[in-house]
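Every chain is numbered from 1 and lettered A, B, ... according to where its sequence line falls, protein lines coming before strand lines. Fair warning: this is a prediction, and the values are worked out from it, not measured in the lab.
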Number of protein chains: 2
Amino acid sequence: MWKRIVLYGTLLAAGTLLLQWLDYQRLVRSHIGDVYVFLIAGGFLVLGVWLGARGIARPAPRAFDGNPQAVAVLGLSPRELQVLEELLAGRSNQEIAERLGVSLNTVKTHVARLLEKLGAKRRGDAVARARELGIVR
Amino acid sequence: MWKRIVLYGTLLAAGTLLLQWLDYQRLVRSHIGDVYVFLIAGGFLVLGVWLGARGIARPAPRAFDGNPQAVAVLGLSPRELQVLEELLAGRSNQEIAERLGVSLNTVKTHVARLLEKLGAKRRGDAVARARELGIVR
DNA sequence: GCGGCAATCCCCCGAAAGGATGATTTGCGT
DNA sequence: ACGCAAATCATCCTTTCGGGGGATTGCCGC
């Protein structure tokens, strides 16, 4: 983050210096000054396009943060989120139990709580809702 | 497309006129001219950011095709694809039967064929695989 | 016309999933 | 020290899924 700010700041400084230089040139030969004005405008336009493309377009492809807001509102515990990931992968309760190193009964209670917290009647339903809420990808 | 070109052209022309005016002002009161230079640079920078954000970032959210290749290779029938969509939504066999206007048994056979064609043991597994293959979103 | 295929429906049965509770342990904040 | 939430495991019971058959209809290509 700071790296990018420094980068952009440097670019701005460079652009400013360029402007100063161009301004000087323009004062010396004032007849062709309009050319430099266009160069300045074009240069900053290109710079802006570049910044916009990689700065603003970055968050456009949807950053999957796991949507902490929704998680907090629903009151999903860390363990339940883990189980939710397993559900997303289409695993059975038994598989989840083995992968998480807990008993089948424990997985069943976690799944049951996920179902009620997400307002779902089936595990597939829970996955679909979680995806809509942006909790999982 | 032409609409946008005309729009951008108009914006450029307006910016040029602004530049001309600012240039005149600068010549009159040459001491505060640097302020205008910064305004010009900033204005075009903002314009460029705007253009870059909505022009270049446009093709980023790529279209979803449904991956006909994978469907053909797996030999998935149209009806099976319909059922697959229902599975993605997390619906039960009974719900799917009602929504598609067929019997529960029919849905079960469709699901069973989807499972074997997708190499899945559970419906959730089938959904996960179909998503990986790009058949569904 | 016959073979193949998609789509439809049926039955049986075992396995998986879900609902309803209850209980224990552990860590965390007041 | 106490209360609370999370995590854990359990039991009993019902519903849903999935696997194994089998069967019919309609359409398409050879």
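In this structure, the CD1 atom of A:Ile96 is 16 Å from the C1' atom of D:dC9, given to the nearest Å. Taking atom CG of B:Leu104 as the reference point, atom C1' of D:dT15 lies 12 Å away to the nearest angstrom. Counting to the nearest Å, the C1' atom of C:dT21 and the CD atom of A:Glu116 are 12 Å from each other. Straight-line distance from the CG atom of A:Asp125 to the P atom of D:dC17: 11 Å, rounded to whole Å. Summarising the geometry, the separation between CG on B:Leu114 and C1' on D:dC17 is reported as 14 Å, rounded to the nearest angstrom. We find that NZ of B:Lys121 is positioned 25 Å from P of D:dT16, with the value rounded to whole Å.
Of all non-hydrogen atoms in B:Arg91 and A:Arg122, the two that sit nearest each other are C-NE, 3.8 Å. Between A:Ala126 and A:Ala120, the shortest heavy-atom contact is N-CB, 3.5 Å.
For A:Arg123 (side chain) and A:Leu88 (main-chain N/O), no donor-acceptor pair under 3.5 Å exists by modelled atom type.
Counting heavy atoms from C-beta outward, B:Glu80 and B:Leu84 have side chains that stay 4.5 Å or more apart. Proximity of A:Glu85 to A:Leu81: side-chain heavy atoms (C-beta onward) are nowhere separated by under 4.5 Å.
Under the side-chain hydrogen bond (donor to acceptor under 3.5 Å, both in side chains) criterion, A:Gln69 pairs with no residue, sequence neighbours left out. Qualifying side chain to side chain contact (heavy atoms under 4.5 Å, CB included) partners for A:Val107, counting only residues two or more places apart in sequence or in other chains: A:Asn93, A:Ile96, A:Ala97, A:Val102, A:Val111. Partners of B:Thr109 by side chain to side chain contact (heavy atoms under 4.5 Å, CB included), not counting sequence neighbours: none found.
In the hydrophobic cluster analysis, where Ile, Leu, Val, Met, Phe, Trp and Tyr join through side-chain heavy atoms closer than 4.5 angstrom, B:Leu87 is grouped apart from A:Val136.
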How far apart are the C-alpha atoms of B:Leu74 and B:Ile135, what are their side-chain angles, what is the distance that settles it, and do they pass the side-chain contact (heavy atoms from CB on, under 4.5 Å) test?
CA-CA 11 Å; B:Leu74 295 175; B:Ile135 297 176; 3.9 Å; yes

Kindly indicate, with the supporting measurements, whether the criterion side-chain contact (heavy atoms from CB on, under 4.5 Å) is fulfilled by A:Arg99 and A:Gln82.
CA-CA 11 Å; A:Arg99 288 174 58 92; A:Gln82 272 187 311; over 6 Å; no

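Axis angle across the helix from C:dG1-D:dC30 to C:dT30-D:dA1, with five pairs used at each end and values rounded to 10°: 50°.
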Measure all distances between protein nitrogen or oxygen atoms and nitrogen or oxygen atoms of nucleotides 12-16 of chain C, and list the pairs falling under 3.5 Å.
none

Atom pairs, protein N/O to nucleotides 5-8 of chain D N/O, distance under 3.5 Å:
{"unit_1": "D:dA7", "atom_1": "OP1", "unit_2": "A:Arg79", "atom_2": "N", "d": "3.0"}
{"unit_1": "D:dA7", "atom_1": "OP2", "unit_2": "A:Ser77", "atom_2": "OG", "d": "2.2"}
{"unit_1": "D:dT8", "atom_1": "OP1", "unit_2": "A:Arg79", "atom_2": "NE", "d": "3.3"}
{"unit_1": "D:dT8", "atom_1": "OP1", "unit_2": "A:Arg79", "atom_2": "NH2", "d": "3.0"}
{"unit_1": "D:dT8", "atom_1": "OP2", "unit_2": "A:Arg79", "atom_2": "NE", "d": "3.2"}
{"unit_1": "D:dT8", "atom_1": "OP2", "unit_2": "A:His110", "atom_2": "NE2", "d": "2.9"}

